[in-house]
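All chains are named by letter (A, B, ...) in the order of the sequence lines, taking the proteins before the strands, and each is independently numbered beginning at 1. Computed from a predicted structure; not experimentally measured.
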Amino acid sequence: MPEIRVTPLGAGQDVGRSCILVSIAGKNVMLDCGMHMGFNDDRRFPDFSYITQNGRLTDFLDCVIISHFHLDHCGALPYFSEMVGYDGPIYMTHPTQAICPILLEDYRKIAVDKKGEANFFTSQMIKDCMKKVVAVHLHQTVQVDDELEIKAYYAGHVLGAAMFQIKVGSESVVYTGDYNMTPDRHLGAAWIDKCRPNLLITESTYATTIRDSKRCRERDFLKKVHETVERGGKVLIPVFALGRAQELCILLETFWERMNLKVPIYFSTGLTEKANHYYKLFIPWTNQKIRKTFVQRNMFEFKHIKAFDRAFADNPGPMVVFATPGMLHAGQSLQIFRKWAGNEKNMVIMPGYCVQGTVGHKILSGQRKLEMEGRQVLEVKMQVEYMSFSAHADAKGIMQLVGQAEPESVLLVHGEAKKMEFLKQKIEQELRVSCYMPANGETVTLPTSLSIPVGISLGLLKREMAQGLLPEAKKPRLLHGTLIMKDSNFRLVSSEQALKELGLAEHQLRFTCRVHLHDTRKEQETALRVYSHLKSILKDHYVQHLPDGSVTVESILIQATAPSEDPGTKVLLVSWTYQDEELGSFLTSLLKKGLPQAPS
Amino acid sequence: LKLGLDILFFQYCLSGHPTLPCNVLKFKSTTIMLDCGLDMTSTLNFLPLPLVQSPRLSNLPGWSLKDGNAFLDKELKECSGHVFVDSVPEFCLPETELIDLSTVDVILISNYHCMMALPYITEHTGFTGTVYATEPTVQIGRLLMEELVNFIERVPKAQSASLWKNKDIQRLLPSPLKDAVEVSTWRRCYTMQEVNSALSKIQLVGYSQKIELFGAVQVTPLSSGYALGSSNWIIQSHYEKVSYVSGSSLLTTHPQPMDQASLKNSDVLVLTGLTQIPTANPDGMVGEFCSNLALTVRNGGNVLVPCYPSGVIYDLLECLYQYIDSAGLSSVPLYFISPVANSSLEFSQIFAEWLCHNKQSKVYLPEPPFPHAELIQTNKLKHYPSIHGDFSNDFRQPCVVFTGHPSLRFGDVVHFMELWGKSSLNTVIFTEPDFSYLEALAPYQPLAMKCIYCPIDTRLNFIQVSKLLKEVQPLHVVCPEQYTQPPPAQSHRMDLMIDCQPPAMSYRRAEVLALPFKRRYEKIEIMPELADSLVPMEIKPGISLATVSAVLHTKDNKHLLQPPPRSAQPTSGKKRKRVGDDVPDCKVLKPLLSGSIPVEQFVQTLEKHGFSDIKVEDTAKGHIVLLQEAETLIQIEEDSTHIICDNDEMLRVRLRDLVLKFLQKF
């Protein structure tokens, strides 16, 4: 029995280091190759020894697919391909291919230069790793080999994010990566066709949340920013360079324009400026509104938002600053935070999830006295706000996607176990689809049933379909044919054609049964009685009385003869071929019961 | 209800223009239009539409018949011995009568030049289907249509001439008017509203995307290397494959390279859109373009480049970007004038995924893929929607102007022809290959300005075609008749035609072609439960057979075979049955039999099963086995067996099964 096997090496009942192994019809595919933000030791990367204990990665894996550029989906890639060793193809979309190496390099710098980690991947390794990447278009069917094909669908979430269909013959799996079912200020909503995969592997970050409308959150955000600058305060928004940053910039830019505000907005330089260029050049990946109007106004060319200089932080008066990184764990955002934290007029808005151990996580959990390096204690008087702008599908969105794709089963990854449990029940009860949530290293096996594609001769098919269109075709009709199997070529032809093709003659098997009847009348009259008897019973059959005195039922021939020795007995000769076996047998037993008394 | 079981496939040829094709394919009961080209050469018969009142044009003398009859002088004007129609220009549409266009299910577009007739088809024929095209094709196609509509609408012309179209009058006109075809079907330009409505029927597709049509046919666009988003199309079912090659290029310019490998194993390859100038080498032409441009500007003259707002212009600007500094021309302004100039330049920069590898890698940096961004930034290239407005303030001479339309019949180019035509210092350089430059220039004669013809057509030439055909080896090639003979002007050049075996099937406008398919099979799926129940047996080495009895299900043109339903449980005798209830369904067929019965073994088998008193007689064709006790006779011949017995069902069935043991079932 064919089966599909799924083993998460990461993101099994967890958020972070997404990495899922899928075996389908003898092909092995690795979905994502991420790192874990919460760990600095071995656990930050997926455990590839699960594969390597049995041999080389390249021998085992047919391909690797990266869903988007976030590090928890691609952060382990150079380690995987250059340090553990993988030389096969790595598939991702064009924007992901463009942006991924930049984020990897950034990650490497922080790890090696700032934290001084040894034995980390090098810049050259990132380059070598990216040489193994094959870029894919949306909806393009990529033939990995003769049997394995993959296809990318738009996922929203971040620039270039994609969901992937993995297909071998009639078996298929869809992996969502991270996705968003509602369009935002800069990206569109995820979409997939009714591709009916055997399995849908979906993220479940917000498995239990039904979020309020995006509009409300946006209004809230703008209101808070506006109020703060109105009373002369400074607003710090820690962000990651790509993704939410662009969305919030568009939001503020349009608000500033509408309200005609003059308060300066700054964007910390470096990555972010470059990032905006990517958005400008990959306009077809943004939402419909931006695509439609980009000639008149490229939304990523900001009028009100200017490059930040570190000296500006000490300027008097209100301002809004977007600074990286997003969790306040290092760099410019942390520097600015330290300067502004003491003033209650100021505000810091955290627009995304913060990992434990970061300053961002501490202030969000209510800590107001922070111990900084050098035993300094920083008292946080500024207002701290959290506002979820993460672009993940919520429970409603996940259910919606399952409804769109119509999978046979669903498998949850990239979420917390408790929340998954809730969603699993919901999916099983409301959608009546079986649902799995394996932990890391745990394998789910799904049996699949395979239909066999064969070529049917047009003649045979036409004959059947023509009869299938007849009104009396209520009873299930049987198609008869012969399947000729030669190498891997399977053809279904009519039995006559099969015989002919193989140069074989038909062997006709015929039966003739003598049925003795007590009847003193002449043969012709007996035949006539047989005819009217059969005619009255066999309403659905074609019963004929031929001029030579014989009777036919379909192709079965009945003749009445008179044996010379006994004038009171007539013998009916019932003759049929093997193909009419059922009817022939039925007729003889029917006739054996005798004929009804003739109405005289 | 569409049953995709037709055996014959047809191609209806609606356009006679080999580079502006419009064919309709009937393939497995699906009606597919391939491209929707608009033949604009018809406009060459019309007078130019000047943007600014032109005394020269408005004072042209009316034309009169040889006998002096001047009743046509309002419609026809004479200029330097040529006669032109003084009217709103009209286009030659694809044939609309050959096939009912409301039955077209889908339209596949190969590139933005081949969709210009789309509004005529989608808006005026009852078309209700879907159009498929790539995103760059749609966006740039929209720009081309927008420009065309704008050119025509901003110069309203009161007169729409029709008298000259009368067949009896047309006969009397001088060439080329006399020979113009289908003039009664020529139409004025569509409106923006029609354009928008037509474009709203397009569904965007990506290269190598497999699109299912009614479950019967799959279509797939492939990169064709000719223009941004340009595609060839594969139209296939499980057993048949048609490749539609339209406007392909093997030269490395800006678009993604042509995908040739996917064209392999085609039953039929339809080949259109080859180069219109097979004798000109595009690289050489670009070189000539640059040197002529430099020469003119150095002598203080202006250069006019009539062009489309997208396509080759990107390559020309890129060449100039590299050339002008080295040629000492960096101070010469380049002007690009078109209502869609800005859009075209902007759109060119955002289609990274549709570009050649070099340009893609620039986007990864991230930098704009085309250097015209830098030309604009450094003020070397300026673009304007028209000559009115800002342009007149900025205009400096000598300069280079890129503007449309290449037919020289409408658009800003008309103004520059009038403005610069009188001076021999100026040069007009023709780069677009769609119009004969001599005909284009005819209404401007006599001209003092220099005319240079540097047609740049990157599409396949005949050498490349023959290489391609050797590579992909289609069983049959179908192409416009123009490609099966040398061009009329070079009738000795036997190398300027398609040479393949078997010879290409050619078509011309308004012809219907039966495509050479021998369709014999259709895909069907055997469901797993049924597959498990099949018992294959090896008949010959390597060939196995299994008889199949199954229920056929057909839905959305997909066929499935499922196991036959289990026979119903024998009903208990409680309910009295009518006699007829047991009548078997005669449609439950038994398999065919094959093989022969070896008499000796058969007799041994009979004995083993308790038959005695067996007698065998030889006959002319075989044997008769007599079971004397049972009064039964079995005639055995090479290809038949006949069991003749009394009405003893038990006996008959026993004998039957013994016979069957020796035979194979089919």
Show your working on side-chain hydrogen bond (donor to acceptor under 3.5 Å, both in side chains) between B:S640 and A:Q508 and close with a plain yes or no. CA-CA 4 Å; B:S640 67; A:Q508 205 185 58; 5.9 Å; no
If I measure from the heavy atoms of chain A, does B:L365 come under 4.5 Å with its side chain, its backbone, both, or neither? backbone
Between atom CG of A:L483 and atom CG of B:L545, what is the distance when rounded to the nearest 0.5 Å? 8.0 Å
Select one option (side chain, backbone, both, neither) describing which atoms of B:V659 are under 4.5 Å from chain A's heavy atoms. side chain
Given that the side chain runs from C-beta out, which part of B:F347 has a heavy atom under 4.5 Å from chain A: side chain, backbone, both or neither? both
Below 4.5 Å from any heavy atom of chain B, which atoms of A:V493 appear? Answer side chain, backbone, both or neither. side chain
Part of B:E529 within contact of chain A (heavy atom distance under 4.5 Å): neither
Quick one: CZ on B:F666 to OG1 on A:T482, what's the gap to the nearest 0.5 Å? 6.5 Å
Could you walk me through whether B:L561 and A:L479 pass the side chain to side chain contact (heavy atoms under 4.5 Å, CB included) check? CA-CA 9 Å; B:L561 281 182; A:L479 174 146; 4.3 Å; yes
Nearest 0.5 angstrom please: B:L560 CG to A:S451 OG, how far? 7.0 Å
Give a yes or no on whether the ring-centroid distance for B:Y364 and A:Y278 is below 6.0 angstrom. no
Is B:I211 in contact with chain A via its backbone, its side chain, both, or neither, using a 4.5 Å heavy-atom distance? neither
Is any NZ, NE, NH1 or NH2 atom of the basic residue among A:K280 and B:E346 found under 4.0 Å from an Asp or Glu carboxylate oxygen of the other? no
Using a strict threshold of under 4.0 Å (side-chain N to carboxylate O), is an ion pair present between A:E149 and B:K210? yes
At a heavy-atom distance under 4.5 Å, which candidate from A:H139, A:H277, A:H137 has the highest pair count against chain B? A:H139
Quick one: what part of B:E353 sits under 4.5 Å from any heavy atom of chain A, side chain, backbone, both or neither? both
Checking A:L502 against chain B: side chain, backbone, both or neither under 4.5 Å from a heavy atom? both
Over 12 non-hydrogen atoms of neighbours within 6.0 angstrom of CE in B:M650: no
Interatomic spacing from CG in A:D193 to CD in B:E212 - rounded to 0.5 Å: 10.5 Å
Quick one: what part of B:Q256 sits under 4.5 Å from any heavy atom of chain A, side chain, backbone, both or neither? side chain
Toward chain A, the part of B:E367 with a non-hydrogen atom under 4.5 Å: backbone
Most contacts with chain B, counted as non-hydrogen pairs under 4.5 angstrom, among A:V515, A:D487, A:V574: A:V515
Which bit of B:E649 comes within less than 4.5 Å of chain A, counting heavy atoms only: side chain, backbone, both or neither? side chain
Say whether A:H507 and B:T641, considering side chains only, have a donor N or O and an acceptor N or O under 3.5 Å apart. yes
Identify which part of B:I543 has an atom lying under 4.5 Å from any heavy atom of chain A, answering side chain, backbone, both or neither. both
Classify the side-chain pair A:T141/B:Q209 by whether it contains a donor and acceptor separated by less than 3.5 Å. no
Side chains of B:I643 and A:R510: does their closest heavy-atom pair fall under 4.5 Å? no
At a heavy-atom distance under 4.5 Å, which candidate from A:N489, A:V142, A:V571, A:I456 has the highest pair count against chain B? A:I456
Quick check on B:Q360 against chain A: is it the side chain, the backbone, both or neither that has a heavy atom closer than 4.5 Å? side chain
Rounded to the nearest 0.5 Å, how far apart are OG of B:S343 and CZ of A:F294? 7.5 Å
Whatever's closer than 4.5 Å to a heavy atom in chain B on A:E496 counts as both
Is it the side chain or the backbone of B:L655 that comes within 4.5 Å of chain A heavy atoms, both, or neither? neither
